[in-house]
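All residue numbers refer to positions in the sequence shown, counting from 1.
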Amino acid sequence: MTPVRHGRPAGPTTAAHSPELRAAAARLGRRRFLTVTGAAAALAFAVGLPTAGAASAAELDASKIPSDPFTLGVASGDPAPASVLLWTRLAPSPYESDSGLPRTRVSVRWEVAHDERFTRVVRRGTTTAHPEFDHSVHVEVTGLDADRFYYYRFRAGTWISPVGRTRTAPARSANITELKLAAVSCQAYHDGYFTAYRHLAAEDLDVVLHLGDYLYEYAVTAVGGARNYTGRRLPAHYNRETLTLEDYRLRYGLYKSDPDLMAAHAAHPFVVTWDDHETENNYADGTPENDVPPEEFLLRRAAAYRAYWENQPLRTPQRPEGADMRLYRRLHFGRLAQFDILDTRQYRSDQAYGDGWQVPGPESEDPARTMTGAAQERWLLDGWKESRATWNLLPQQVTFAQRRDVPRPDFKLSMDSWDGYPASRQRLLDGANAAGVDNLMVLTGDVHVGYGFDLKADFDDPDSRTVGTEIVATSVASGKDGADRPANYDNLTTANPHMKFYNGRRGYVTVTLGKRQARADFRTVSAVTTPGAPVSTAGSFVTETADPGLKPV
């Protein structure tokens with residue numbers, strides 16, 4: 001019988017990785033490849049970065065591109081006071097492995113303007129879409145005014161992209177009075193339409209935080225799963241799990257061609273972080289979900305991370321090196337808000353007790369267990385010590401507050417969430433307290449429901465001090481239509497008195513930060529298995545500065 005990790009089912013053991021990646025693995029002894037660091041070093045040279053001689057490589061005359069190359073729209077991200085990152089990807093045929101372009105470089109022009117008609121252009125330039133990056137474009141535009149909206153577009157030959165709107169962050173010292181953000185997560189294409197994004201595009205927002213599961217590795221049928229297309233059929237290569245770089249690139253082509261997602265990206269700058277499904281369900285650091293050799297999983301992880309960077313509005317410091325990618329980073333919006341964006345997948349200890357919902361015990365409560373890894377934890381705690389922001393927000397992936405499944409002594413906890421890493425959670429709460437962080441707000445995705453939690457000094461004592469709040473954004477589509485009151489509603493709300501809100505519909509959450517309070521509005525749609533559902537507000541709460549705790553509006 002083939003051994004499996006903690007009793008998990010065996011998965012595919014090999015995949016058709018590129019010859020370059022496969023050759024990198026072959027050059028290593030197994031002992032060296034068993035460490036993520038060794039794998040990253042080996043794979044760094046093998047992911048096809050443009051070389052110093054790229055300027056002499058063949059270039060495609062963009063005027064010869066026969067059809068619109070901007071089928072995946074435009075996006076912007078990670079706003080700073082004087083700059084913003086602009087993104088697009090040339091893909092005349094996004095459902096084909098080569099996206100409809102030869103493996104040659106393409107010159108792409110870009111423009112940034114004060115107005116939507118581009119009569120007042122403030123910055124313009126030319127960049128290169130490299131075939132090694134699947135003809136994606138990442139432009140870091142500098143020299144912009146702080147705290148201002150801009151419009152942008154791209155040109156390739158005679159083709160012009162859709163127009164996007166973005167904004168810069170306020171100066172670090174700016175005393176702004178309000179910031180409105182949205183948080184989204186979990187958009188399984190095969191579970192339904194991205195209707196929530198169409199409504200989000202129409203919201204008056206400063207920034208959107210995507211908290212993970214931007215795509216799913218699972219197969220998508222010819223009719224788009226629960227979308228149940230009748231007038232179109234998807235290519236057969238989508239009806240399999242993603243394993244290789246080509247698989248992941250194709251899957252992004254499918255997801256990013258969705259018109260509702262494109263509308264949201266064009267309307268607002270995004271700040272993105274991943275969870276598990278961008279690579280594989282519930283992986284932990286270099287440990288896969290299923291029983292595959294670790295070197296095989298690291299090849300898959302290298303491919304997934306590469307495709308993620310290619311398809312997201314991320315800056316150069318986030319570009320992966322082999323199987324590693326530093327995604328955690330810090331953004332500021334004046335003196336009002338500091339955002340410490342976490343990565344809770346790449347560095348975590350393996351899930352205790354085989355993952356899933358388990359009775360907590362010595363394995364899960366081991367103080368050595370970590371959700372963030374030591375380096376990221378130090379970076380976060382040091383950042384809190386230096387923070388002068390009114391609100392300290394922690395955008396991350398999995399449920400932070402304690403979440404008992406039943407109101408009985410034999411309760412179970414999710415080993416994939418922070419409940420499976422309580423010592424790691426306590427170190428963060430102690431660090432926030434030591435740093436004097438009064439207004440801590442954790443932003444979470446992953447669980448396909450909307451939650452509102454009070455964060456307690458001691459979750460086992462409902463009367464202990466409230467030290468912050470957690471706002472959990474429901475999924476965009478994952479879980480299909482959902483329900484206002486899921487089947488476990490009574491058990492969870494009774495077992496967890498610090499849970500102030502629970503709703504199981506699809507949608508997103510908006511958070512308006514002010515000088516004296518923050519307001520969270522849980523926005524939901526009635527269905528995603530049919531398109532065009534209206535949006536409504538399922539619940540609204542405020543938390544006040546220096547007085548944490550969610551209060552219904």
Side-chain angles (χ1 to χ4, degrees), residues 182-203 208 210-234 238-239 251 254-264 275-278 281 357 397-399 403 405 414 416-417 444-452 471-493 499 501-510 520-540:
V184 296
S185 70
C186 302
Q187 51 199 53
Y189 188 100
H190 58 276
D191 270 359
Y193 290 89
F194 294 168
T195 307
Y197 273 128
R198 181 62 60 176
H199 297 295
L200 183 143
E203 297 265 10
V208 175
H210 198 292
L211 303 173
D213 293 344
Y214 191 95
L215 61 67
Y216 280 68
E217 76 276 29
Y218 303 139
V220 181
T221 65
V223 296
R227 295 187 177 209
N228 197 26
Y229 293 140
T230 57
R232 56 183 295 207
R233 293 186 68 82
L234 300 178
Y238 287 120
N239 198 17
R251 193 63 55 91
L254 175 63
Y255 274 61
K256 295 186 79 71
S257 66
D258 181 273
D260 295 332
L261 177 57
M262 284 196 288
D275 192 16
D276 52 342
H277 288 289
E278 290 90 349
N281 178 58
W357 287 78
Q397 293 75 28
V398 293
T399 305
R403 190 170 40 124
D405 66 335
S414 168
D416 188 58
S417 73
T444 301
D446 180 61
V447 286
H448 310 168
V449 298
Y451 289 134
I471 304 298
V472 180
T474 187
S475 62
V476 170
S478 304
K480 302 180 183 177
D481 293 336
D484 288 319
R485 287 200 170 203
N488 63 353
Y489 181 92
D490 290 338
N491 274 338
L492 259 63
T493 54
M499 180 185 290
F501 176 78
Y502 180 19
N503 182 278
R505 292 289 185 187
R506 312 284 72 85
Y508 54 94
V509 62
T510 63
D521 292 293
F522 293 88
R523 305 277 281 160
T524 60
V525 295
S526 57
V528 294
T529 53
T530 55
V535 68
S536 61
T537 301
S540 298

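Residue pairs satisfying the salt bridge (Lys or Arg N to Asp or Glu O under 4.0 Å) criterion with at least one member in residues 213-232, sequence neighbours excluded, are listed as follows: Arg227-Asp258.
Judged purely by atom type and a 3.5 angstrom limit, Thr195 has no side-chain atom pairing as donor or acceptor with the backbone of Val528. In this structure, the side chain of Arg251 engages the main chain of Tyr238 through a donor-acceptor pair within 3.5 Å. The backbone N or O of Gly231 sits nowhere less than 3.5 Å from a side-chain atom of Arg233 that would complete a donor-acceptor pair. Proximity of a side-chain donor or acceptor of His199 to a complementary backbone N or O of Ser536 within less than 3.5 Å is not detected.
Remark: Asn228 pairs with Val223 by the side-chain contact (heavy atoms from CB on, under 4.5 Å) rule, at least two apart or across chains. Scanning for salt bridge (charged side-chain N to carboxylate O under 4.0 Å, His left out) contacts around Asp481 gives an empty result, with sequence neighbours left out. The side chain to side chain donor-acceptor pair (under 3.5 Å) test applied to Arg523 returns Glu203, Thr537, not counting sequence neighbours. Checked against side-chain contact (heavy atoms from CB on, under 4.5 Å), Ala477 has the following partners two or more places apart in sequence or in another chain: Phe194. Remark: Ala188 pairs with His190, Asp191, Tyr216, Ser478 by the side-chain contact (heavy atoms from CB on, under 4.5 Å) rule, at least two apart or across chains. Under the side-chain contact (heavy atoms from CB on, under 4.5 Å) criterion, Thr493 pairs with Tyr489, Met499, Tyr502, sequence neighbours left out. With sequence neighbours left out, the salt bridge (charged side-chain N to carboxylate O under 4.0 Å, His left out) criterion links Asp484 to Arg505. Shown here are the side chain to side chain donor-acceptor pair (under 3.5 Å) partners of Tyr197, two or more places apart in sequence or in another chain: Gln187, His210. A search for side chain to side chain donor-acceptor pair (under 3.5 Å) contacts involving Glu278 returns nothing, not counting sequence neighbours. The side chain to side chain donor-acceptor pair (under 3.5 Å) check on Lys256 picks up Tyr214, with sequence neighbours excluded. Remark: Phe522 pairs with Phe501 by the ring-ring contact (aromatic ring centres under 6.0 Å, His included) rule, at least two apart or across chains.
Put simply, the side chain of Val208 reaches to within 4.5 Å of the side chain of Leu200, judged on heavy atoms. The shortest side-chain heavy-atom distance between Leu492 and Tyr451 falls under the 4.5 Å cut-off. Counting heavy atoms from C-beta on, the side chains of Arg506 and Tyr193 never come closer than 4.5 Å. The shortest distance between side-chain heavy atoms of Val449 and Asn503 does not fall below 4.5 Å.
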So Asn239 and Thr221, side chain to side chain donor-acceptor pair (under 3.5 Å) or not? Walk me through it.
CA-CA 5 Å; Asn239 198 17; Thr221 65; 5.8 Å; no
Check against side-chain contact (heavy atoms from CB on, under 4.5 Å), Asp275 and Val398
CA-CA 8 Å; Asp275 192 16; Val398 293; 4.1 Å; yes
Could you walk me through whether Leu254 and Tyr189 pass the side-chain contact (heavy atoms from CB on, under 4.5 Å) check?
CA-CA 9 Å; Leu254 175 63; Tyr189 188 100; 3.6 Å; yes
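Checking Val447, Asp446, Leu211 one by one against Val472, the side-chain contact (heavy atoms from CB on, under 4.5 Å) holds for a single residue, Val447. With Arg198 as the fixed residue, the side-chain contact (heavy atoms from CB on, under 4.5 Å) test singles out one of Asp260, Val525, Val535: Asp260.
The line from CG of Asp276 to CG of Asp416 is 6.5 Å long, rounded to the nearest 0.5 Å. One finds the OG atom of Ser257 at 6.5 Å from the CE atom of Met262 (value rounded to the nearest 0.5 Å). Rounding to the nearest 0.5 Å gives a distance of 10.5 Å between NE2 of His277 and OG of Ser185.
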